[in-house]
Amino acid sequence: MMELVPIGVIRSPYRVHGDAPRQGRLSDVVSEIVVYPAYAPALSDIGKHRHLIVLYWLDRADRSALKATPPGTERELGVFSTRSPNRPNPIALCLVDLIAVDGLTLRVRGLEALDGSPLLDIKPYSPAIDAAGPGEV
């Protein structure tokens with residue numbers, strides 16, 4: 001048995017699936033990540049990072065979907081070959097720009113999460129570790 005415990009909540013202007021951009025990096029919209037008080041110590045030194053990897057739960061996803069048709073195509077693919085939010089375990093990963101830290105609130109750019117999405121984790125982005133090298137894509 002697995003148990004995921006939300007560590008916060010995402011506040012964004014996106015209310016329903018069609019509101020959010022296809023990929024957050026394609027948008028300049030600013031959203032807020034609100035971390036619950038119990039996790040305040042985990043935010044120590046977060047402001048030293050320009051970019052963060054945000055993991056959150058796609059709580060409005062269709063967990064029964066196993067196929068999806070990516071934008072710009074007519075061919076249906078298995079969801080593990082797509083970036084569809086609808087998948088058996090709807091965990092989202094998004095690279096964001098950290099704009100500001102105000103107590104328990106992080107202001108970020110590039111997040112495509114719907115308002116109220118449960119926050120699962122935050123990790124600093126490291127180009128040396130997280131970026132694919134030439135020829136690795």
Side-chain angles (χ1 to χ4, degrees):
M1 183 70 180
M2 292 175 47
E3 180 181 353
L4 295 174
V5 177
I7 61 166
V9 66
I10 294 170
R11 296 290 171 221
S12 80
Y14 312 126
R15 303 294 182 240
V16 295
H17 177 69
D19 291 348
R22 185 172 55 85
Q23 295 295 317
R25 299 294 291 169
L26 303 176
S27 171
D28 286 333
V29 171
V30 174
S31 298
E32 292 183 341
I33 296 170
V34 181
V35 176
Y36 295 147
Y39 301 99
L43 289 174
S44 176
D45 296 314
I46 195 83
K48 293 180 180 179
H49 302 282
R50 292 182 51 203
H51 307 289
L52 302 172
I53 296 171
V54 179
L55 295 132
Y56 58 96
W57 191 256
L58 299 163
D59 58 323
R60 285 153 267 187
D62 176 358
R63 297 185 72 178
S64 67
L66 299 179
K67 297 266 189 172
T69 305
T73 69
E74 295 180 17
R75 186 166 164 250
E76 194 174 54
L77 304 173
V79 294
F80 300 148
S81 296
T82 73
R83 309 260 320 193
S84 172
N86 299 314
R87 48 200 327 109
N89 287 311
I91 299 170
L93 176 145
C94 190
L95 176 64
V96 300
D97 302 326
L98 179 60
I99 299 169
V101 179
D102 182 16
L104 298 174
T105 302
L106 310 179
R107 289 179 35 101
V108 299
R109 182 180 299 112
L111 187 58
E112 72 265 13
L114 298 181
D115 187 60
S117 294
L119 176 66
L120 298 178
D121 203 356
I122 304 167
K123 297 174 184 260
Y125 171 77
S126 170
I129 298 169
D130 298 317
E136 292 182 332
V137 178

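Note that the coordinates shown come from a computational prediction; the quantities given were computed from them, not determined experimentally. This chain uses plain numbering: 1 for the first residue, then up along the sequence. Side-chain atoms are counted along with the backbone in the values below, which use heavy atoms only and exclude waters and symmetry mates.
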Discussion item. Among residues at least two apart in sequence or on other chains, which ones pass salt bridge (charged side-chain N to carboxylate O under 4.0 Å, His left out) with D102?
Written reply: none
Going by atom type alone, with no hydrogens or angles, which donor-acceptor pairs under 3.5 Å involve a side-chain atom of residues 69-79 and a protein atom two or more places apart or on another chain?
unit_1: T73; atom_1: OG1; unit_2: P70; atom_2: O; d: 2.7

Worksheet item: Which ILVMFWY residues can you reach from I99 by hopping between side chains whose heavy atoms are under 4.5 Å apart?
Response: V30
Worksheet entry | Contact list for residues 47-58, test salt bridge (charged side-chain N to carboxylate O under 4.0 Å, His left out), sequence neighbours left out | D45-K48
Worksheet entry | Sequence neighbours excluded - side chain to side chain donor-acceptor pair (under 3.5 Å) pairs with any residue from residues 113-132 | R15-D115
Item to complete: Could you list the residues that satisfy side-chain contact (heavy atoms from CB on, under 4.5 Å) with I46, not counting sequence neighbours?
Response: L43, L52, V101, L106, I122
Worksheet item: Heavy atoms, side chains only, cut-off 4.5 Å: are V29 and P13 in contact?
Response: yes
Worksheet item: Out of curiosity, L95 CG to I53 CD1, how far, rounded to the nearest 0.5 Å?
Response: 6.5 Å
Item to complete: Determine, stepwise, if the pair V54 / V108 fulfils side chain to side chain contact (heavy atoms under 4.5 Å, CB included).
Response: CA-CA 10 Å; V54 179; V108 299; 5.6 Å; no
Worksheet item: Closest heavy-atom contact between A65 and P88?
Response: O-CD, 3.9 Å
Practice prompt. Kindly give the heavy-atom pair with the smallest separation between G110 and C94, and that separation in Å.
Written response: O-SG, 3.2 Å
Response to the item:
Across all chains, not counting sequence neighbours, the side-chain contact (heavy atoms from CB on, under 4.5 Å) partners of Y39 are V5, I7, V35, Y36
Worksheet, complete the sentence: Rounding to 0.5 Å, atoms CG (L98) and NE2 (H49) come to a distance of 9.0 Å
Worksheet entry | Pairwise side chain to side chain donor-acceptor pair (under 3.5 Å) hits with a residue in residues 54-68, at least two apart | D62-S64, R63-N89
Worksheet item: Rounded to the nearest 0.5 Å, how far apart are CZ of R107 and CD1 of I33?
Response: 12.0 Å
Worksheet item: Closest heavy-atom contact between A113 and S12?
Response: O-OG, 2.7 Å
Worksheet entry | Between CG on residue L58 and CG on residue L114, distance to nearest 0.5 Å | 7.5 Å
